[in-house]
Amino acid sequence: MGGRTMEFQAKWIRTSEDIGGVCPVFRKGWKTEKKVERATLYLTALGVYEAHLNGKRVGNYVLAPGWTAYDKRLQYQEYDITDLVGKKNELTVTLGKGWFRSPMPGWQDTSDKLQRMGRPGGILGEVHIVYMDGSEEVIVTDQSWIWGESRIRFSEIYDGEFCDDTFVTKEWNTVKEFEWSKEILIPQEGEEIREQEVVTAKSVFRTPAGEMVVDFGQEITGYVEFTVDAHAGDRIHILHGEVLDAEGNFYNANYRSAKAEINYICSEGTQTWHPALTFFGFRYLLLDEFPGEATPEQFRGIAVYSNIRKTGEIRTSDPALNQLISNIFWGQRGNFLDVPTDCPQRDERLGWTGDAQVFTKTASYNFDVERFFTKWLHDLAADQMENGAVGHVVPDYLVGGNASAAWADAATICPWQIYQTYGNPQILKDQFASMKKWVDYVTNHTTTPYLWTGGEHFGDWLGLDAPQGSYKGSSREDFIASAFYAHSTELVIKAGRVIGEDVKTYEALHEKIVETFRNTYPEYGTQTEHILAVQFGLAEDCQKTADALAQMIRNDGCQMRTGFVGTPYILHVLSNYGYTDLAYTLLCRKEYPSWLYAVGKGATTIWEHWDGIMENGEFWSTDMNSFNHYAYGSVADWIYEQAAGIRVVEEHPGFEKAWIQPKPGDQLEWLGASIETRHGKISSRWTHTDGAIRYEIVTPVPAQIVIGKKEYAVGPGSYIFWE
């Protein structure tokens, strides 16, 4: 899919009357009298669509045309339909609200949201046919098309889908042409959203409350496909949930206002169905209404996410740590559905910039996400305000909020990391203006020159040292903001040097920021403040600051007290300054708070809160308690880079050369990791063997390998070392 940018002759078409929540189906018939050499369908929608030609599904794209900054960028898809064209043809396109018209976000009503909900849905498309005799024909969306109500009686992102399989479209009406921009149209830019893994149901059981529940054993994002033998008119009503409550009953109060339900009216006989125009985040299904006695064989969980290719692997001797790794990969799958979302289940599912930037490195090691992030960062730049501010979410469905440090810094952090992982400077060329605009925004809106003060921020979001009633942690917001101001300025400098831009102004600015920061913040009060001062090179003495951090962690009972800002860097700072053993202690800790605490509670994805399910079995809350929130999964980049020791050499991005410095831990018998790079697979494994450590390293590129205190410059090959 993809290709040249084309100019559509077609007209935007829509229904001629309001049919409420019912999904319309648009139809066009034609005949082909001559032999077809090639036939291509170009199609897009204001909403999400599913197309069929002569009764067969066109393409494998789910929820096309995907989610972009719709006011400025709308993807269209190109399908080869040569094999589907017959002598007599009927093309149908069913249209759902999708991200375009659904009530997003669910927890607030703003004029922007109401405007989006009220705008028209419609489609735009062309069929281009080239005949064997060289002649061509173009069939376009226009007033010759007709529309009717489809059997999908309702579909929406938060509330789910209602299908009446007994419904037959009998009344067809002439479509209405309407005006909508074609200037915003772009060829498919991101990865296609596809059906991916199929997870079979593990069990069907009755809860203590008497509910019939299906358990897939794994939380996924996508939808359930069920097969049922029923009578016409039998009803199915299914609710989705992530966890069971302390008594073992179905629970989904954390979905907040999202109904996340399936309603289905059966036709006669055996039938198989799944939703077509929406998605859910779930592990459990509540069969509120279901014909007959349900069995596991009737249910298939279909994972749906962007067509990203798995490139990373981590394995260890600890089953609990392996489960954590599985949770991280599944969390990424579940939240990389066209945009990097915070969560896939509740009335949110937004592209939060803070979550994306802390996870970008891990994401790019786990899967090939270059194309995925390129598309999303183009949307970030498109939605960036004229003054340079970057919204909390991209696409920006929270219009009007203040730009927050560590969230809006996705504008600089994400493109730099994608460049580092894949080595293609085009991402920096594409985003450089946006990167500069972001730093300039801070420069122009601070109340203190060379710091960022006076803003409104999320702080160290969900920091464990937060005072009672606060979500923001105890780290000073101006401290965090100023630290990220320095970091983003440094990244603009680095990016500019790569692509040959003049960055002297930013070099001078960075020097002033560092000087002012050190004068203003000579002491650090929290774990996160220590971490940022070291990670961003702002401390006068980084080793002394790391020493103080390590002592603070020990004084806290070897516990993290960090949130979204500090957690991604904490283990790196410890390892880089001589405290790898303490880093392993935090990684392998099983008690709350820890990464493995949730594993002990049965998690199959990463939680939003360390104690989403508390030690007493109760829930942290209902208002903000996702059990599939990938941000804390960023710990995987420490495992790749420090435990296994596989790192990019900044001057040789894309792993053109590698730095491999494994750091074993006594808590594990062995650990291995690999990353499939643009130059081949790099792998590193260490094993404790008879009082020594055996290292197995494979590199397809020249590498500096550091084993203990010895350093080796090697060429491509396989190597074994002992320590």
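Numbers here simply count residues along the sequence, with the first being 1.
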> Can Asp368 and Arg678 be counted as an ion pair, charged N to O under 4.0 angstrom?
Replying inline: yes

> Tell me the salt bridge (Lys or Arg N to Asp or Glu O under 4.0 Å) pairs involving residues 379-388, sequence neighbours left out?
Replying inline: Arg73-Asp379

> Going by the angle between their ring planes, with limits at 30° and 60°, are Tyr521 and Phe517 parallel, tilted or perpendicular?
Replying inline: tilted

> So is Arg589 actually on top of Tyr597's ring, under 6.0 Å and inside 45° of the axis?
Replying inline: no

> Ignoring hydrogens and geometry, is there a side-chain-to-backbone donor-acceptor pair from Arg518 to Leu538 under 3.5 Å?
Replying inline: yes

>> Taking ring-ring contact (aromatic ring centres under 6.0 Å, His included) as the criterion, tell me which of Trp67, Phe100, Trp99, Trp352 meets it with Tyr397.
In response: Trp67

> Which residues satisfy the side-chain hydrogen bond (donor to acceptor under 3.5 Å, both in side chains) test with Glu490, sequence neighbours excluded?
Replying inline: none

> Between Leu324 and Ile606, what is the shortest heavy-atom contact and its length?
Replying inline: CD1-CD1, 3.8 Å

>> I'd like to check the side-chain contact (heavy atoms from CB on, under 4.5 Å) partners of Ala433; sequence neighbours left out, ordered by chain and number.
In response: none

> Which residues satisfy the ring-ring contact (aromatic ring centres under 6.0 Å, His included) test with Trp610, sequence neighbours excluded?
Replying inline: Trp595, Tyr632

>> Take a 6.0 Å sphere around NZ of Lys657 and say whether it holds more than 12 heavy atoms from other residues, nucleotides or ligands.
In response: no

> Has the side chain of Arg256 got a donor or acceptor atom that lies under 3.5 Å from a matching backbone atom of Arg346?
Replying inline: no

>> For His629, give me all partners under ring-ring contact (aromatic ring centres under 6.0 Å, His included), at least two apart in sequence or on another chain.
In response: none

> Residues two or more places apart in sequence or in another chain: which of them pass side-chain hydrogen bond (donor to acceptor under 3.5 Å, both in side chains) with Asp581?
Replying inline: none

> Is Asp409 reaching over with its side chain to a backbone N or O of Ala405, donor-acceptor style, under 3.5 angstrom?
Replying inline: no

> What pairs of residues pass the ring-ring contact (aromatic ring centres under 6.0 Å, His included) test when at least one of them lies in residues 531-558, not counting sequence neighbours?
Replying inline: Phe484-Phe536, His487-Phe536, Phe536-Tyr569

> Partners of His609 by side-chain hydrogen bond (donor to acceptor under 3.5 Å, both in side chains), sequence neighbours excluded?
Replying inline: none

> Residues in side-chain hydrogen bond (donor to acceptor under 3.5 Å, both in side chains) with Tyr158, at least two apart?
Replying inline: none

>> Please tell me whether Tyr305 and Phe336 form a close aromatic pair, meaning their ring centres lie under 6.0 Å apart.
In response: no

> Once the angle between the rings of Trp438 and Tyr441 is folded into 0 to 90°, is it parallel (under 30°), tilted (30 to 60°) or perpendicular (over 60°)?
Replying inline: parallel

> Excluding sequence neighbours, so at least two apart, what forms ring-ring contact (aromatic ring centres under 6.0 Å, His included) with Phe279?
Replying inline: none

>> I'd like to know whether Ser404 forms a side chain to side chain donor-acceptor pair (under 3.5 Å) with Glu456, so could you lay out the CA-CA distance, the side-chain angles of the two residues, the decisive distance to 0.1 Å, and finally the verdict.
In response: CA-CA 6 Å; Ser404 172; Glu456 295 181 24; over 6 Å; no

>> Holding to ring-ring contact (aromatic ring centres under 6.0 Å, His included), I want the full list of residues that pass it with Phe359, two or more places apart in sequence or in another chain.
In response: Tyr630

>> I need the full list of salt bridge (Lys or Arg N to Asp or Glu O under 4.0 Å) pairs touching residues 623-644, with sequence neighbours left out, sorted by first then second residue.
In response: Lys361-Glu641

>> For His445 together with Trp452, are the ring centres under 6.0 Å from each other?
In response: no

